[in-house]
Amino acid sequence: MIIESLLTQTLIPDEIIITEDAEHADIKVYLEQLNNDKIIHLSQKDDGWQKERALNNAVKAATSDYLIFIDGDCVPYSTFVEGHVALSQANTALCGRRTEPGEKFSQQLREGTLTLKTFESSYLKNYPAMSKDGIRHYDEGLYFPPNSMIFSLIHKFGRKNSHIVGCNWSCFKKDLEMINGYDEDFTLPTTGEDSDIERRLRHFGVEMKSCRNAANVIHLYHEKNFNADITQKTEALMATKKDIFVCKNGLQKLP
């Protein structure tokens with residue numbers, strides 16, 4: 001679903017990098033069948049949760065100057081890439097969010113009985129049914145063109161404090177290289193690809209700007225893996241990093 005969306009965007013990306021934190025034969029076979037020159041497929045040995053390593057692999061492989069990040073459970077709207085590119089600015093990272101439909105609508109999207117195009121065009125009309133299905137962050141699925149008056153007004157008065165969420169954000173590649181990319185010391189699924197990256201980018205003067213409602217993604221329903229123990233361990237690790245702005249265990253392995 002993600003690949004199909006990216007290949008039919010209103011603005012087609014120059015390259016699509018799939019970076020696995022594992023090695024799945026079915027994904028390899030699928031991509032070989034697509035045989036699309038825009039797609040770069042990266043994988044690595046399954047050695048526990050090593051998402052930061054996988055992300056760094058993608059950054060190193062990217063040939064484009066501007067990078068947009070999404071997660072493997074998030075399907076972009078047809079205008080997703082266009083929104084990020086239209087709002088991109090020097091010394092700025094764009095911060096998006098995600099709408100999270102419940103089990104029923106997520107299953108319909110997976111099965112294809114509900115197309116992405118219909119989901120987008122019927123979003124307002126389907127509010128009662130999606131609300132009954134337990135949708136979270138409904139407002140994040142509302143789309144407004146980045147050059148529209150309503151988008152400008154919303155972000156002038158209501159989107160002033162922006163923060164990176166790893167499933168939907170973008171920046172210039174050189175800014176990630178400046179902080180040595182993602183910190184591969186983070187090996188638990190709570191932070192690292194968002195809070196830690198944001199902290200270090202801000203230190204070097206990169207501003208956080210919202211692209212919410214102009215660059216939308218749909219997070220498909222699944223059981224989540226967070227728990228108090230994981231959160232506590234990650235917060236303890238974050239505390240040891242507070243004065244480190246160029247990570248050691250990143251794109252380059254620094255002494």
Side-chain angles (χ1 to χ4, degrees), residues 1-13 15-22 24-36 38-41 51 54-55 58 68-85 94-146 151 165-170 189 193-194 210-226:
M1 291 174 62
I2 295 170
I3 298 302
E4 288 174 359
S5 173
L6 291 175
L7 290 175
T8 55
Q9 290 279 302
T10 53
L11 178 62
I12 306 296
E15 57 190 359
I16 300 168
I17 302 175
I18 300 168
T19 182
E20 293 188 76
D21 183 15
H24 291 103
D26 54 345
I27 295 179
K28 182 179 179 181
V29 170
Y30 166 70
L31 295 175
E32 287 174 349
Q33 291 173 345
L34 284 183
N35 191 28
N36 190 301
K38 284 186 176 290
I39 299 175
I40 300 168
H41 180 214
K51 182 178 181 180
L55 287 165
I68 305 172
F69 295 89
I70 61 174
D71 281 347
D73 55 9
C74 292
V75 183
Y77 273 33
S78 59
T79 50
F80 173 74
V81 173
E82 180 182 359
H84 272 281
V85 172
L94 293 179
C95 309
R97 290 293 187 272
R98 64 197 191 185
T99 184
E100 299 187 25
E103 290 186 68
K104 178 182 175 181
F105 274 83
S106 294
Q107 189 61 29
Q108 289 176 350
L109 284 164
R110 286 190 175 101
E111 293 172 348
T113 55
L114 174 64
T115 66
L116 180 61
K117 182 178 180 180
T118 301
F119 183 89
E120 291 183 42
S121 63
S122 303
Y123 196 74
L124 281 171
K125 183 179 71 175
N126 282 338
Y127 172 74
M130 287 195 290
S131 180
K132 186 177 180 180
D133 190 40
I135 191 170
R136 301 176 69 241
H137 310 300
Y138 173 83
D139 60 315
E140 301 296 347
L142 298 170
Y143 171 73
F144 305 111
F151 178 85
V165 176
C167 68
N168 182 359
W169 79 284
S170 62
E193 77 273 17
D194 35 46
S210 173
C211 62
R212 293 162 68 179
N213 301 114
N216 300 358
V217 299
I218 307 163
H219 177 274
L220 298 178
Y221 177 86
H222 63 83
E223 295 293 333
K224 297 185 179 180
N225 194 33
F226 298 156

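The model shown is predicted, which means the values in this text are computed figures rather than measured ones.
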With rounding to the nearest 0.5 angstrom, report the [atom1] to [atom2] distance, [X] to [Y].
| X | Y | atom1 | atom2 | result |
| --- | --- | --- | --- | --- |
| I39 | L34 | CD1 | CG | 5.0 Å |
| I218 | M1 | CD1 | CE | 6.5 Å |
| D21 | L55 | CG | CG | 9.0 Å |
| L220 | D71 | CG | CG | 11.5 Å |
| R212 | F151 | CZ | CZ | 10.5 Å |
| E82 | I12 | CD | CD1 | 10.5 Å |

Can you check whether [Y]'s main-chain N or O pairs, donor with acceptor, with [X]'s side chain at less than 3.5 Å?
| X | Y | value |
| --- | --- | --- |
| S5 | V75 | no |
| T118 | L114 | no |
| N216 | T99 | no |
| Q9 | Y77 | yes |
| D194 | C167 | no |
| S78 | T10 | no |
| D73 | Y221 | no |

[X] vs [Y] side-chain heavy atoms within contact, under 4.5 Å:
| X | Y | result |
| --- | --- | --- |
| Y138 | M130 | yes |
| I18 | I3 | yes |
| P13 | I68 | no |
| I40 | E15 | yes |

Exercise. Can you list every pair that meets side chain to side chain donor-acceptor pair (under 3.5 Å) and has a residue in residues 124-137, with sequence neighbours left out?
Worked result: E100-R136

At their closest point, which heavy atom of [X] faces which heavy atom of [Y], and how far apart are they?
| X | Y | answer |
| --- | --- | --- |
| L94 | H84 | CD1-O, 3.2 Å |
| I17 | A58 | CD1-O, 3.6 Å |
| Y123 | I135 | OH-CD1, 3.7 Å |
| V165 | G96 | CB-O, 4.0 Å |
| C211 | N168 | SG-OD1, 4.5 Å |
| G72 | I2 | O-CD1, 3.5 Å |

For this session: Verify whether one side chain among E103 and Q107 offers a donor that lies under 3.5 Å from an acceptor in the other.
Result: no

For this session: Check whether more than 12 heavy atoms from other residues, nucleotides or ligands sit under 6.0 Å from atom NZ of K38, and answer yes or no.
Result: yes

For this session: Classify the ring geometry between H222 and H219 as parallel (under 30°), tilted (30 to 60°) or perpendicular (over 60°).
Result: tilted

Exercise. Looking at residues at least two apart in the chain, or sitting in another chain, which of them share a ring pair (Phe, Tyr, Trp, His ring centres under 6.0 Å) with F105?
Worked result: none

